[in-house]
Amino acid sequence: MDRRKFLEVAALGTASSLFSWRAVAQSKSDRLLIVAEMNANSLDTHTVGANRATYGLVWMTYDRLMQFGTRTLPNGVQRYDYFDLKPQLAESWEMAPDNSSVTFKLRKDVTFHDGAPMSARDVKWSFDRFVKVGGFPQRQMELGSLTDVDQFEVVDDHTFRVKLLRSDKLTMPSLAIVVPSIYNSELCKKNASAADPWALEWTKNSSAGSGAFKVESFKSGEQVVLARFGGWKGGSMPAVERVMYRSVAAAGTRRALVERGDADISPDLPPREVADLIASKKFNVESAPMANTLKYVALSTVTKPFDDVRVRQAIAYAIPYQKVIDSSVFGRAEPMFGASSNAPTDISWPQAFPYDYDPEKAKALLGQAGLGSGFETKLFFDAQAATIDEPAALVIQDALGKIGVRMSIEKLPDFAARRSQKNWPMAIDIFGAWFDDPDFFFRWIWHGQNTVWNVASYKNPEMDKLLDAARQERDSAAYAVLVKKFIGLAMTDVPVIPLYQPILDVVAQRDTKGYVYMFHRQVDARTLHRT
């Protein structure tokens, strides 16, 4: 099949096109088809509303100054290593003796996809952009103390300096995540306007990167076809020449595509489907606990009766955690209940809380709070996660009913949009942090600065003080002391009740190898190959 016919097949977007793609792929070991429930809705993470699939796409089509190394989990799965920073567009970097700045020496052989050479001016423009565009990119980088365009300096064509505002251990790893991608600044400027100085409307549907793959075709939310960039300098050249990422909404259809051999990989099949495919022993199933991620029940600390810590603790003792795990994710999760101590013994995160199913203890706590006869409340969850969260909600509803708590259930189609309103007495939610530091996770969920993820509206000056100190603490022993204190406080105050740590399962054909778990939880085609 010639290139033109290949692209015609890729652009069809029908079930038959997927079969045709796979037919081509079977004769070409360097082509892959990946089917998922969600596909990228933008080609740029800086654009408003860019979804998680966009993060994975930009990870492959753009480069950054640095990148994470990898490590091997006990089960053999490769995972990114947050603590191992390696060069990408920067050949090297050097910290100033007084820690006031870090200077990057850039590669001199990098070109963007259109052939334009990359220079420090592109890096400066790109860094100014994430500071100025607002929304998620700006908030994310603020957590690494990267907040002002005056921090970024072009020293010469291939030397770039970042001035450091404070001692912050998140600054350097923040430069290796997807947000500080390096854009072809001249190309973006040509497509900018007075109303859109950063060309966000243009980059939403057009790519301006230097990454391992170029965008060959794109249909927002449905399909993207990537072609290997022969001039890539940011790492080992991918084995895959072309890859299609295709949205297939129905889990049953995705499973059928994999089982028939029409798709190479499906990264987000429901736990029940995964359990069946594992039992069949016909596929590679790469499984890893989602790094720094929790599924939890948030209790509003500003809504009665959950403003009383005894009530929150009662709910924590009333949940049959193993039943929740078995019914919602078919056991495919790391338990986060039943810790033997009321205080953390180490600084690992996530870690189990000291609550287990104990309805008698739950009733006693409600009695102490003056609620021996129970009360009425409501639990909300995301309709888009109903396959997993609805069974969990029903188990919790039944269990709370046994201690006198009459809980109704409501699933919201606009859950994410309404999260910031924080007007739910109870909610099932999930949060995953890109960095492995416990304090980074806690600042999103437990800090009183009222971040969008603090659904419990939790505010405790002691917690804020501990988290603010941990952010800048460089001494490992002192940091460990702080971590144990704030985890212990979370266990006692329990505005958030951990249900479990989810497991990320990626199902692949036997001939598809090289999967690496990345922080954005999307399939990275750069490391994949077919045997």
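Numbers for residues simply follow the sequence, beginning at 1.
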Note to self: Check this for me: does any side-chain nitrogen of one of Glu201 and Lys204 sit under 4.0 Å from a carboxylate oxygen of the other?
What the structure shows: no

Notebook entry, point to check: Angle class for the Phe130/His46 ring planes (parallel below 30°, perpendicular above 60°, tilted otherwise)?
Noted result: perpendicular

Item checked: Reported CG-to-CG distance for the pair Leu146 and Leu175, which is rounded to 0.5 angstrom -> 5.5 Å

Checklist line | Any donor-acceptor N or O pair under 3.5 Å, side chains Thr159, Lys105 | finding: yes

Notebook entry, point to check: Closest heavy-atom contact between Val329 and Pro271?
Noted result: O-CB, 3.2 Å

Notebook entry, point to check: Which residue, Tyr321, Phe353, Tyr500, Tyr355, forms the ring pair (Phe, Tyr, Trp, His ring centres under 6.0 Å) with Phe337?
Noted result: Tyr321

Check: Does a donor on one side chain and an acceptor on the other come within less than 3.5 Å for Ser193 and Asp196?
Finding: no

Margin query: Working to the nearest 0.5 angstrom, can you tell me the gap between Asn41 CG and Glu222 CD?
Written below: 12.0 Å

Item checked: side-chain hydrogen bond (donor to acceptor under 3.5 Å, both in side chains) involving Ser328 - partner list, sequence neighbours excluded -> none

Next item on the list: Would you mind checking if Asp524 and Arg526 are paired as a salt bridge, meaning a charged N to carboxylate O distance below 4.0 Å?
Entry: yes

Notebook entry, point to check: Quick one: ring-ring contact (aromatic ring centres under 6.0 Å, His included) partners of Tyr82, sequence neighbours excluded?
Noted result: Phe435

Check: Between Ser167 and Asn99, is any side-chain donor less than 3.5 angstrom from a side-chain acceptor?
Finding: no

Checklist line | Over all atoms of both residues, closest heavy-atom pair of Asp109 and Arg107 | finding: OD2-NH2, 2.8 Å

Next item on the list: Give the intermediate values and the outcome of side chain to side chain contact (heavy atoms under 4.5 Å, CB included) for residues Phe104 and Met66.
Entry: CA-CA 10 Å; Phe104 294 89; Met66 300 185 294; 4.1 Å; yes

Next item on the list: Run the numbers on Met518 and Trp59 for side chain to side chain contact (heavy atoms under 4.5 Å, CB included), then give the verdict.
Entry: CA-CA 10 Å; Met518 296 306 301; Trp59 188 248; 3.5 Å; yes

Notebook entry, point to check: What residues form a salt bridge (charged side-chain N to carboxylate O under 4.0 Å, His left out) with Lys214, not counting sequence neighbours?
Noted result: none

Check: Given Ile182, which of Leu89, Asp63, Leu106 fulfils the side-chain contact (heavy atoms from CB on, under 4.5 Å) condition?
Finding: Leu89

Next item on the list: In sequence, state the C-alpha distance, the side-chain angles, and the governing distance for Phe152 and Asp128, and then conclude on side chain to side chain contact (heavy atoms under 4.5 Å, CB included).
Entry: CA-CA 8 Å; Phe152 313 133; Asp128 288 354; 3.5 Å; yes

Check: Who passes side-chain hydrogen bond (donor to acceptor under 3.5 Å, both in side chains) against Thr72, sequence neighbours left out?
Finding: Gln78

Margin query: Which residues pass the side-chain hydrogen bond (donor to acceptor under 3.5 Å, both in side chains) test with Arg121, not counting sequence neighbours?
Written below: Asp157

Next item on the list: Indicate whether any N or O donor in one side chain lies under 3.5 Å from an N or O acceptor in the other, for Asp493 and Tyr458.
Entry: yes

Check: Quick one: CZ on Phe519 to CD1 on Ile177, what's the gap to the nearest 0.5 Å?
Finding: 6.0 Å

Check: Partners of Arg52 by salt bridge (charged side-chain N to carboxylate O under 4.0 Å, His left out), sequence neighbours excluded?
Finding: none

Checklist line | Residues Ser287 and Asp505: side-chain donor-acceptor under 3.5 angstrom | finding: yes

Item checked: Other residues, nucleotides, ligands: >12 heavy atoms within 6.0 Å of Lys132 NZ -> no

Margin query: Could you work out, with ring-ring contact (aromatic ring centres under 6.0 Å, His included) as the rule, every residue matching Phe229, not counting sequence neighbours?
Written below: His113

Margin query: Checking Asp382 now: which residues fulfil salt bridge (charged side-chain N to carboxylate O under 4.0 Å, His left out) with it, not counting sequence neighbours?
Written below: none

Item checked: Nearest heavy atoms of Val154 and Ala120, plus distance in Å -> CG2-O, 3.6 Å

Checklist line | N-O pairing of Lys465 and Asp468 below 4.0 Å | finding: no

Checklist line | Salt-bridge present (Arg79, Asp436; N to O < 4.0 Å) | finding: yes

Check: Looking at residues at least two apart in the chain, or sitting in another chain, which of them share a side-chain contact (heavy atoms from CB on, under 4.5 Å) with Asp150?
Finding: Asp148

Margin query: Nearest 0.5 angstrom please: Ser174 OG to Gln140 CD, how far?
Written below: 6.5 Å

Notebook entry, point to check: Between Ser300 and Ser457, do the side chains contain an N or O donor and an N or O acceptor separated by less than 3.5 Å?
Noted result: no

Checklist line | Exercise: identify the closest heavy-atom pair between Ile319 and Ile497 | finding: CD1-CG2, 4.2 Å

Notebook entry, point to check: Taking all non-hydrogen atoms of both residues, which atom of Arg312 and which atom of Phe306 are closest, and how far apart?
Noted result: NH1-O, 2.7 Å

Check: Do other residues, nucleotides or ligands put more than 12 heavy atoms under 6.0 Å from Gln138 CD?
Finding: yes

Item checked: Over 12 non-hydrogen atoms of neighbours within 6.0 angstrom of NZ in Lys485 -> no

Notebook entry, point to check: Got a sec, which residues hit ring-ring contact (aromatic ring centres under 6.0 Å, His included) with Trp202, two or more places apart in sequence or on another chain?
Noted result: none

Next item on the list: Establish, from distance only, whether the side-chain atoms of Asp44 and Thr203 form a donor-acceptor pair under 3.5 Å.
Entry: yes

Notebook entry, point to check: What distance separates Ile34 CD1 from Leu528 CG, expressed to the nearest 0.5 Å?
Noted result: 5.5 Å

Next item on the list: Please assess Glu142 against Arg139 for the test salt bridge (charged side-chain N to carboxylate O under 4.0 Å, His left out), listing each intermediate value before the final yes or no.
Entry: CA-CA 5 Å; Glu142 283 174 351; Arg139 291 196 305 272; over 6 Å; no

Notebook entry, point to check: What heavy-atom pair brings Pro502 and Ile430 nearest, and what distance separates the two atoms?
Noted result: CG-CD1, 3.8 Å

Item checked: Within 6.0 Å of CD in Glu94, more than 12 heavy atoms from elsewhere -> no

Checklist line | Parallel, tilted or perpendicular: ring planes of Phe68 versus Tyr80, cut at 30 and 60 degrees | finding: tilted

Note to self: Taking side chain to side chain donor-acceptor pair (under 3.5 Å) as the criterion, tell me which of Lys169, Arg471, His447 meets it with Asp439.
What the structure shows: Lys169

Checklist line | Separation between CZ of Arg443 and CZ of Phe486, rounded to the nearest 0.5 Å | finding: 9.0 Å

Notebook entry, point to check: When you check the side-chain N and O atoms of Arg129 and Ser185, is any donor under 3.5 Å from an acceptor?
Noted result: no

Item checked: For Phe431, all residues meeting ring-ring contact (aromatic ring centres under 6.0 Å, His included), sequence neighbours excluded -> Phe441, Trp444, Trp453

Next item on the list: Please list, chain by chain and in numerical order, all residues satisfying salt bridge (charged side-chain N to carboxylate O under 4.0 Å, His left out) with Arg161, sequence neighbours excluded.
Entry: Glu153

Next item on the list: Quick one: sort the Trp349 and Phe442 rings into parallel, tilted or perpendicular, breaks at 30° and 60°.
Entry: perpendicular

